[in-house]
Amino acid sequence: MTYDDQDIMTKDPLIDHILISSEQIDRRVQQLGAEISRDYVDRKPILVNILKGAFVFLADLTRSISVHHEVDFMAISSYHGGTESTGVVKIEKDLKANITNRDVLIVEDIVDTGLTLNHLLDVLKTRNPRSVRVCTLLDKSTRRIKDVPVDYRGFEIPDEFVIGYGLDYDEKYRNLPFIGVLKP
Ligand code: IMP
Ligand code: MG
């Protein structure tokens, strides 16, 4: 898919700048898909997508993975509007699949404080999967409160609130094809 990032950006006066272009995302997602495909040969992993933010990433990632795999969805909330994580995590929607003895790959949009992922890993491990790994498009590692393992990382980003490619500000901007930063 090709997008005119610049054109989309200039039409919205609230977007300050593009942090990662749709082209850069595209290239990186292909690389991640290739890496995952190599690591999971003959394993049929289950990709656990964390809604809503990671749905765009999953849609591209699944098409860049050449080995058989399943997808399933989970919704957790740790976030109640605004731009700061509350640390309160609640499972809003659980998986359909039984992950016991399965190779689980969590697909996240962003790891910030790590609180959400830390809680999620605890929950999933009680179900005795064969393995659990984490793939996140974005990593704001300087903000980490809980040390969580990240196995596949798209981009390390600075401590800025980002939007686009699935990530929202008050449910808006998920549809942007790039990762951007809003005006202060
Ligand atoms: P954590 O628990 O602090 O790691 O936060 C993880 C969740 O917070 C992510 O899954 C996002 O939904 C949200 N989040 C963190 N930083 C951002 C951001 O810069 N933009 C949009 N959402 C964010
Ligand atoms: Mg999220």
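Indexing begins at 1, ligand by ligand and atom by atom, following the structure's order.
By the 4.0 Å N-to-carboxylate-O rule, D122 lies too far from K125 to be salt-bridged with it.
For the pair R143 and ligand 1, no heavy-atom separation below 4.0 Å is found. Under the 4.0 angstrom criterion for non-hydrogen atoms, I110 is in contact with ligand 1. Look at D168 and you'll find a heavy atom under 4.0 Å from some atom of ligand 1. Look at K140 and you'll find a heavy atom under 4.0 Å from some atom of ligand 1.
Those atoms of ligand 1 with a heavy atom of T116 less than 4.0 angstrom away are 1 (P), 2 (O), 5 (O), 6 (C). The contact set between ligand 1 and G114, taken as ligand atoms under 4.0 Å from a residue heavy atom, comprises 1 (P), 3 (O), 4 (O). Residue E160 approaches ligand 1 through these ligand atoms, each under 4.0 Å from one of its heavy atoms: 19 (O). Close contacts of ligand 1 with T113, meaning ligand atoms under 4.0 Å from a residue heavy atom, involve 1 (P), 2 (O), 3 (O), 4 (O).
Annotation: K93, atom NZ; neighbour count of heavy atoms from other residues, nucleotides and ligands within 6.0 Å is above 12.
Between the side chain of R153 and the main chain of L138, no donor-acceptor pair closer than 3.5 Å is present.
Considering only heavy atoms from C-beta on, D109 stays 4.5 Å or farther from I50 through its side chain. For the pair D139 and E156, the minimum side-chain heavy-atom distance is below 4.5 Å.
Which of V162, D112, I76 comes nearest to atom 20 (N) of ligand 1 through a heavy atom is settled by distance: it is V162.
Remark: the S131 side chain and the D103 side chain contain an N/O donor-acceptor pair separated by less than 3.5 Å.
Because its NZ or CZ atom is not both nearer than 6.0 Å to the ring centre of F55 and within 45° of the ring axis, R174 does not count as a cation-pi partner of that residue.
Residue L167 places no N or O, backbone or side chain, under 3.5 Å from any N or O of ligand 1.
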